[in-house]
Amino acid sequence: MARKIKMIMAKPGLDGHDRGAKLLARICAEAGMEVVYTGLRQTPEMIVAAAEQEDADVVGLSSLSGVHNYFFPRVVELMKQKGMEDVLLVGGGIIPEEDYDFLKKSGMGAIFGPGTPTTEIVEFIQANVRQR
Amino acid sequence: MFEDKVLKKIKADKEKWERGPLAKSLSKSPEAKPVFTTISGAPVERLYTPLDVDDVDYDRDLGYPGTFPFTRGVQPTMYRGRYWTMRQYAGFGDAKSTNERYRYLLEQGQTGLSVAFHLPTQAGYDSDHPLSMGEVGKVGVAIDHIDDMRVLFDRIPLDKVTTSMTMNAPASVLLAMYLAIAKEQEVPWEKVGGTVQNDVLKEIICRGQYIYPPRHSMRLTVDLIEFCQKYVPKWNSISISGYHIREAGSTAAQEMAFTIADGIAYTQACIERGMDVDSFAPRLSFFFNAFTNVLEEVAKFRAGRRYWAKVMLDRFKAKDPRSMMLRFHVQTGGVTLTAQQPLNNIIRVALQTYATALGGAQSLHTNSYDEALCLPTQQAVTVALRTQQIVAEESGATDTIDPLAGSYYVESMTDRIEAEVDEYIKKIDAMGGTLAAIEQGFIQKEIQNSAYRFQKEIESGERVYVGINKYTMEEPPPSGLLKVDMSVGQKKAAELAEYRARRDQAKWKAALDKLREVSSTDENVMPYVIEAVTAKATVGEICDVWRDIFGEYRPKEYV
């Protein structure tokens, strides 16, 4: 039997809006992934440590407080330092489209804005996650 | 409301209509879907008639505005006396830029202020704390100490405006600063009016800006309520909030039920403190959401008013009618806004504003059409404020009180929502009360299940959302969005270092030591918090004192 996709769903920073993160965690779990939700107030260090400890294949970052340009690249950077380049990083929340390019260039696999169907996110993860 | 004879005839006539014209029409062309539901998933019948409201007793269930059970409104004249307070939630960057936005809004006819604090202040951290990195001035104004607060209210007379502060776990710290500034402006506290949210239970349920464990949080909440009752009599010492419960995914009825459950918990805690119910209950205020389904929202507000009045009378034996009034602020539904075709949001907000006016709110914040993308631009904020002014001045909704009363549909839905609220309250009582229900994750799970149901309905196309799953179109990415400069954080950190170095160290230390000492006893902390902020202690320093004593709350996650 193929190994389940292992996912960390994380809320970086002080933002408390976790409706989307929890919803997506549930939907990814229903799609056959093994999902760990970190809870609120995670620093980039805490998120990367969780990903390392869980041997995650994909890390989801959710931000609705406008801190994505600060936090997301930091998570990417820390993962690089730990040699975790093959872990897929996806982000979502209140993120203006004009920031997508910057975030993708800095190493995010995809950014999903408000109103994205969860099926699209699940399919993206399944298609782009590392094979093993 | 109708005599038996009349009802009998209506019943017979309705059956005749069903068998005749209706059956004929359905056989030619069926309805668009087998079941119709509100956005909350509540069933909606084809037609409502007197049969659906046959057990409504006008005097008992509706009555008159300003009298028990307040279904029709909390004041005898409602908007014929004066409109609701138009209060736009605003704050970004530093105190100076937010002060400019406030003075702009007041010039444009806004009638009250509402402070959006940035997340570090809400979580009790100073701007230079490691957890504040990236967040400074982002979703609200950065306020670390009393000097920031002075700049925030520069040239705004605190005896002329009322101010609402969305501040919960550190509510007493920010209220202390506000009262200290009032004193500097020589405004007596008896004249200071406004609201502090001070509702930690919903932070734990769904909003996430908690600091201390529930029991200690409740102590700080009650300290503030007790202090205001004695010294700041016009201050709404709590704003018990359903808004965020709805944003997190609840239905309309759940929003009302869980908010009232929180209200019961706070009232109980104040009574256990030894306060007489009528000494504080008139200053309890509420805060709700308004979605786009106008009729369901109106029914929700009416059901809530009636149910709360009964809770205060029956459960808490209040005698003062003011204790029984569900007075509330409304914010239009943030989560109803779409990033797609953002101008459509103006229409959603207009309908939500109309619902709020028909529902009898005391104050309102209207969201800006660009808020699914960023903080609102000045243009978007202006349209949002004008929306309120158009509904108030042009729509006619304000000319008569509770205009939808007597609608078979609205009355029937009011009854249904009230019954659902009652069912939840009984269930929560059986679980051992609100705190127990939260600790068991019951309330959180109910909300999350509703959010899940809604998402599934949207993705299956079962529920239409314009611009999301129907009438979609390609559009260029929006431009001209408001961005907060990252340099606010660096500026604030440098400024904080200087502030700490400059203050009278002995006075500062003595005030914090005293606060620490009192916080370990049963004494009310508020006077000592005021001492501490006046002695230039920062938000983070005061919250740290309590972190040491109370510990920090770490929730179990229910996914």
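Per chain, numbering begins at 1; letters A, B, ... match sequence-line order. Predicted model only: the values in this text are computed from it and were never measured.
In K6(A), the NZ atom is crowded: over 12 heavy atoms of neighbouring residues, nucleotides or ligands sit closer than 6.0 Å. In the displayed structure, K82(A) atom NZ is contacted under 6.0 Å by at most 12 heavy atoms of other residues, nucleotides or ligands. Other residues, nucleotides and ligands place no more than 12 heavy atoms under 6.0 Å from the NE2 atom of H17(A).
Interatomic distance, D15(A) CG to E135(B) CD, rounded to the nearest 0.5 Å: 7.0 Å. Taking CE from M133(B) and CZ from R74(A), the interatomic distance works out to 9.5 Å, rounded to the nearest 0.5 Å. Here CG of D99(A) is found 10.5 Å from SG of C374(B). Values are rounded to the nearest 0.5 Å. In this structure, CD1 on I94(A) lies 9.0 Å from CD on E371(B), to the nearest 0.5 angstrom. If you take NZ on K22(A) and NZ on K445(B), they are separated by 11.5 Å, rounding to the nearest 0.5 Å.
Residue-level contacts of residues 463-475 of chain B with chain A, in order of numbering, are I468(B); threshold 4.5 Å between heavy atoms.
Of the atoms belonging to N449(B), heavy atoms from both backbone and side chain fall under 4.5 Å from chain A. Using a 4.5 Å cut-off between heavy atoms, E247(B) touches chain A through its backbone atoms (N, CA, C, O) alone. Heavy atoms closer than 4.5 Å to chain A are found nowhere in P555(B), neither backbone nor side chain. Interface remark: E120(A) contributes no atoms to any contact with chain B (heavy atom separation under 4.5 Å). Only the side chain of Q340(B) comes within less than 4.5 Å of a heavy atom in chain A; its backbone stays farther off. Only the side chain of F454(B) comes within less than 4.5 Å of a heavy atom in chain A; its backbone stays farther off.
Judged by the 6.0 Å distance and 45° axis criteria, R19(A) is not positioned over the aromatic ring of Y452(B).
Scanning all heavy atoms of the two residues, the minimum distance from E30(A) to K456(B) falls at OE1-NZ, 3.8 Å. Of all the heavy atoms in E97(A) and P478(B), the pair that sits closest is OE2-CD, 4.3 Å. In terms of heavy atoms, Q455(B) sits closest to T116(A) at NE2-O, 4.5 Å.
Note: S65(A) leads A29(A), S65(A), G113(A), G20(A) in heavy-atom pairs under 4.5 Å with chain B. In terms of heavy-atom pairs under 4.5 Å with chain A, the best-connected choice from G249(B), P130(B), G140(B) is G249(B). Chain A forms more heavy-atom pairs under 4.5 Å with one residue of A339(B), G208(B), A248(B) than with any other, namely A248(B). Across T338(B), I447(B), L119(B), the residue that shares the most heavy-atom pairs under 4.5 angstrom with chain A is L119(B).
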- Under the side chain to side chain contact (heavy atoms under 4.5 Å, CB included) rule, what do Q122(B) and L14(A) come out as? Steps first, then yes or no, please. CA-CA 9 Å; Q122(B) 296 194 43; L14(A) 297 173; over 6 Å; no
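Side-chain contact annotation: T118(A) with E459(B), donor-acceptor N/O pair under 3.5 Å present.
Taking 4.5 Å as the limit, some side-chain heavy atom of Y210(B) sits within range of a side-chain heavy atom of R41(A).
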